[in-house]
Trainee: 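Here it is: the structure, laid out below.
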Amino acid sequence: MRPALRLREGGLAAYQQEMKWVALALGIASTIAIVQNWYPLNLFLSLPFCMIWAYHAWLHTERQLKYLNIMFTGFYLYGIARYFLMSQGQG
């Protein structure tokens, strides 16, 4: 079976192109949020962006891209957790 057909069989892999468009929109929105200093919106937009690209790297076994996105996912999770912990301390 050809790889393109195997990719379309099931799961999220069937929606690869749609997910890439969503990731592009998230990336653009995240960049705008960073430039406009809309903290923590940039973290909430960047996390799913990274997770989508990590998933696609896993799908195609792109080692460097996979581990880079896993690392950034950890950074975004840390930032989001820190935001919620800090906002609780202010109240």
Side-chain angles (χ1 to χ4, degrees):
M1 181 179 287
R2 293 187 336 203
L5 292 176
R6 198 174 331 121
L7 189 65
R8 280 276 179 193
E9 282 182 1
L12 290 175
Y15 300 99
Q16 181 176 5
Q17 189 59 47
E18 293 84 355
M19 288 175 64
K20 285 182 178 179
W21 282 109
V22 169
L24 175 64
L26 287 167
I28 291 169
S30 172
T31 303
I32 292 169
I34 291 168
V35 170
Q36 294 295 324
N37 199 25
W38 293 339
Y39 180 80
L41 183 61
N42 56 336
L43 294 173
F44 290 105
L45 294 172
S46 297
L47 178 62
F49 170 83
C50 255
M51 292 174 74
I52 289 171
W53 281 108
Y55 172 75
H56 287 300
W58 224 290
L59 206 58
H60 300 292
T61 62
E62 297 169 15
R63 278 181 88 93
Q64 292 172 330
L65 181 62
K66 174 176 40 177
Y67 291 116
L68 183 66
N69 279 299
I70 289 171
M71 182 180 72
F72 277 103
T73 297
F75 291 151
Y76 292 129
L77 287 172
Y78 165 76
I80 290 169
R82 184 176 182 275
Y83 170 76
F84 282 120
L85 289 172
M86 298 298 276
S87 66
Q88 287 179 354
Q90 291 177 356

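Bear in mind that the values here come from a model prediction, so they are computed numbers and not experimental data. Positions are given from 1 along the sequence.
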Trainee: Distance from Arg82 atom CZ to Tyr78 atom OH, nearest 0.5 Å?
Mentor: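 Atom-to-atom, Arg82:CZ and Tyr78:OH are 5.0 Å apart.
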
Trainee: Kindly work out whether a path of hydrophobic side-chain contacts (I/L/V/M/F/W/Y, heavy atoms less than 4.5 Å apart) joins Phe49 to Tyr39.
Mentor: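 No; Tyr39 is not reachable from Phe49 via cluster members.
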
Trainee: Please determine whether the number of non-hydrogen atoms from other residues, nucleotides or ligands lying under 6.0 Å from atom OH of Tyr83 exceeds 12.
Mentor: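 Atom OH in Tyr83 is not crowded, with 12 or fewer foreign heavy atoms closer than 6.0 Å.
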
Trainee: Going from CD1 on Ile28 to CG on Leu45, what distance comes out if it is rounded to the nearest 0.5 angstrom?
Mentor: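 These two atoms lie 11.5 Å from each other.
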
Trainee: Using every non-hydrogen atom in the two residues, find where Ile52 and Ala23 come nearest and quote the distance to one decimal.
Mentor: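 In terms of heavy atoms, the two residues are closest at CG2-CB, 3.8 Å.
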
Trainee: Trp38 versus Asn42: any side-chain heavy-atom pair under 4.5 Å?
Mentor: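 No - every pair of side-chain heavy atoms lies 4.5 Å or more apart.
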
Trainee: Could you tell me the separation between the CG atom of Leu85 and the CD1 atom of Ile80, rounded to the nearest 0.5 Å?
Mentor: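 If I round to the nearest 0.5 Å, the distance is 12.0 Å.
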
Trainee: Cys50 and side chain to side chain contact (heavy atoms under 4.5 Å, CB included): which single residue from Leu77, Asn69, Leu26 fits?
Mentor: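 Only one of Leu77, Asn69, Leu26 forms a side chain to side chain contact (heavy atoms under 4.5 Å, CB included) with Cys50, namely Asn69.
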
Trainee: Mark yes when over 12 heavy atoms from residues, nucleotides or ligands other than Gln64 sit less than 6.0 Å from its CD; otherwise mark no.
Mentor: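 Incorrect, the count does not exceed 12.
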
Trainee: Say you draw a straight line from CE of Met19 to CH2 of Trp53; how long is it, rounded to the nearest 0.5 Å?
Mentor: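 Answer rounded to 0.5 Å: 9.5 Å.
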
Trainee: Is any side-chain heavy atom of Phe44 less than 4.5 Å from a side-chain heavy atom of Tyr76?
Mentor: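 Result no, sub-4.5 Å side-chain heavy-atom pair not found.
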
Trainee: Give a yes or no on whether Met51 and Ile70 share a hydrophobic cluster (residues Ile, Leu, Val, Met, Phe, Trp, Tyr; joining criterion: side-chain heavy atoms under 4.5 Å apart).
Mentor: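 Result: no, two separate clusters.
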
Trainee: Distance from Met71 atom CE to Lys66 atom NZ, nearest 0.5 Å?
Mentor: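 It comes to 15.0 Å.
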
Trainee: Mind checking the CG-NZ spacing from Leu24 to Lys20? Nearest 0.5 Å is all I need.
Mentor: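 Going from CG on Leu24 over to NZ on Lys20, the span is 11.5 Å.
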
Trainee: Less than 4.5 Å apart, side chain to side chain, heavy atoms only: is that true for Leu47 and Phe72?
Mentor: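 Heavy-atom side-chain distance check fails, nothing below 4.5 Å.
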
Trainee: Look only at the side chain of Ser87 and the backbone of Phe84, and say whether a donor-acceptor pair between them is shorter than 3.5 Å.
Mentor: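 Yes; judged by distance alone, with no hydrogens or angles, the pair exists.
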
